[in-house]
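Single-structure report; data block below.
Quick note on labels: first sequence line is chain A, next is B, and so on, each numbered from 1. Because the structure is predicted, anything quoted here is derived from the model rather than measured.
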2 protein chains.
Amino acid sequence: MAQDTTRLRRFIEDETGSCCDAEVEARLDALVSLGEAIPDDCESDVTAFKTLGNETRYRIVRLLAAAEDERCVCEITPLFDVSESAVSHALSDLTDAGLLARRKEGTWRYYRTTELADQLVEALDATRGDNE
Amino acid sequence: MAQDTTRLRRFIEDETGSCCDAEVEARLDALVSLGEAIPDDCESDVTAFKTLGNETRYRIVRLLAAAEDERCVCEITPLFDVSESAVSHALSDLTDAGLLARRKEGTWRYYRTTELADQLVEALDATRGDNE
DNA sequence: TGAGTAATTGAACAACTACTCATATTAGCG
DNA sequence: CGCTAATATGAGTAGTTGTTCAATTACTCA
């Protein structure tokens, strides 16, 4: 936001036949306030998406979402072709991103999906097959 | 999937008091088939998330989702602090990921969100504020 | 057809990521 | 306590990404 608006001015001229400074201003303001509809915690949204944008982490979430229940780390690890450490890192990142929750019981650790993860997975499945 | 299962065996012993090979097998199979509930186009899911996991791209999607209508590239560009080229790359990546659709009219290009993008944004907003 | 404009594309490179290996933490048990 | 097991954490590094700059395409109109 601090860019050249000559192209936008020409665009408005194209639409309306003419264009004064005030119109460019008004259009920009309207766009900016649309942009401001973006929630404050945009950063955490981006983090959630970024965290799901990796096959190992995404598959862990799908597994736990399908399970509809918590699972122990030792149940999850054998399903993946990466090291135990990599799975542990993945679980930890997912938890930090608010996509998984953890429970300890002795030396075992159980993970389950959060509401956020469930909603995102559901949103994806809802549009699956649609071509738009 | 091809990992050590000694830990899983001990886990089952812990739960049930004892554990034979068949039980370990059965447990693993159950977990594997949960894993197989993961859709085939998992890769495109990961791509969608990865693409939203960047602030520039995410904010473009939020903007267009809030607009509930198409917008010309020249309207979008001035709102962002990156180069025109970066916005164009972002729009292109989002389109490839199935999150935006494009329409040409003369030299102007219009972009709008797809159903997939709308659903994902909505899923996020639906859980906003929840602490789980 | 040629000048001018909107948008896209490709190359280059600093910044970031995802994994592995080694080590640390935490818990149960003799 | 000291041993072992389950998981987590940190450092290192090969590979990936996001941006910019420069060049290109695609369209309009005189």
Exercise. Which pairs with one or both residues in residues 55-75 of chain A pass ring pair (Phe, Tyr, Trp, His ring centres under 6.0 Å), sequence neighbours excluded?
Worked result: A/Y58-B/F49
Exercise. Is any side-chain nitrogen or oxygen of B/Y58 closer than 4.0 Å to OP1 or OP2 of D/dG18?
Worked result: no
Exercise. Could you give the CG-to-P distance, from A/D93 to D/dT9, as a whole number of Å?
Worked result: 10 Å
Exercise. Just by distance, with hydrogens left out, do B/D118 and B/T113 show a side-chain donor and acceptor under 3.5 Å apart?
Worked result: yes
Exercise. Is B/R10 near enough to D/dA6 that one of its side-chain N or O atoms lies under 4.0 angstrom from OP1 or OP2?
Worked result: yes
For this session: Look at the side-chain N and O atoms of A/Y110 and state whether any lies under 4.0 Å from the OP1 or OP2 oxygen of D/dT7.
Result: no
Exercise. So what does B/S88 touch, heavy atoms closer than 4.0 Å: a base, only the sugar-phosphate, or nothing?
Worked result: base
For this session: Quickly work out the A/D4 CG to C/dA7 C1' distance and round it to whole Å.
Result: 14 Å
Exercise. Rounding to a whole Å, what distance do you find between A/I76:CD1 and D/dT7:P?
Worked result: 9 Å
Exercise. Separation of B/E70 atom CD from C/dA7 atom P, in whole Å?
Worked result: 13 Å
Seminar exercise, completed: Of A/K50 and B/C72, the one whose nearest nucleotide on DNA chain C sits closer to the 5' end is B/C72
Problem set entry | A/T114 side chain vs A/L99 backbone, donor-acceptor pair below 3.5 Å | yes
Exercise. Relative to the ring of A/Y110, is the ring of B/F11 parallel (under 30°), tilted (30 to 60°) or perpendicular (over 60°)?
Worked result: tilted
For this session: Check the pair A/D125 / A/R62 against side-chain contact (heavy atoms from CB on, under 4.5 Å), numbers first and verdict last.
Result: CA-CA 11 Å; A/D125 288 344; A/R62 293 290 322 196; 2.8 Å; yes
For this session: Quickly work out the A/D96 CG to D/dG10 P distance and round it to whole Å.
Result: 12 Å
For this session: Return the value, rounded to whole Å, for the distance between atom CZ of A/R59 and atom P of C/dA18.
Result: 15 Å
For this session: Check whether any side-chain N or O of B/T5 sits under 3.5 Å from a backbone N or O of B/L8 as a donor-acceptor pair, and report yes or no.
Result: no
Exercise. Heavy atoms under 4.0 Å, any strand shown: does B/F11 hit a base, just sugar-phosphate, or nothing?
Worked result: nothing
Exercise. Are B/R102 and C/dA7 close enough that a side-chain N or O sits under 4.0 Å from OP1 or OP2?
Worked result: no
Exercise. Who pairs with B/D69 by salt bridge (Lys or Arg N to Asp or Glu O under 4.0 Å), at least two apart in sequence or on another chain?
Worked result: B/R71
Seminar exercise, completed: Letter by letter from the 5' end, nucleotides 19-30 of chain C scores (B base, S sugar-phosphate only, - none; protein heavy atoms under 4.0 Å) SBBB----SS--
Seminar exercise, completed: When rounded to whole Å, the CH2 to C1' distance for the pair B/W108 and C/dT8 reads 15 Å
Problem set entry | d(CG, B/L91; C1', C/dA6) in whole Å | 13 Å
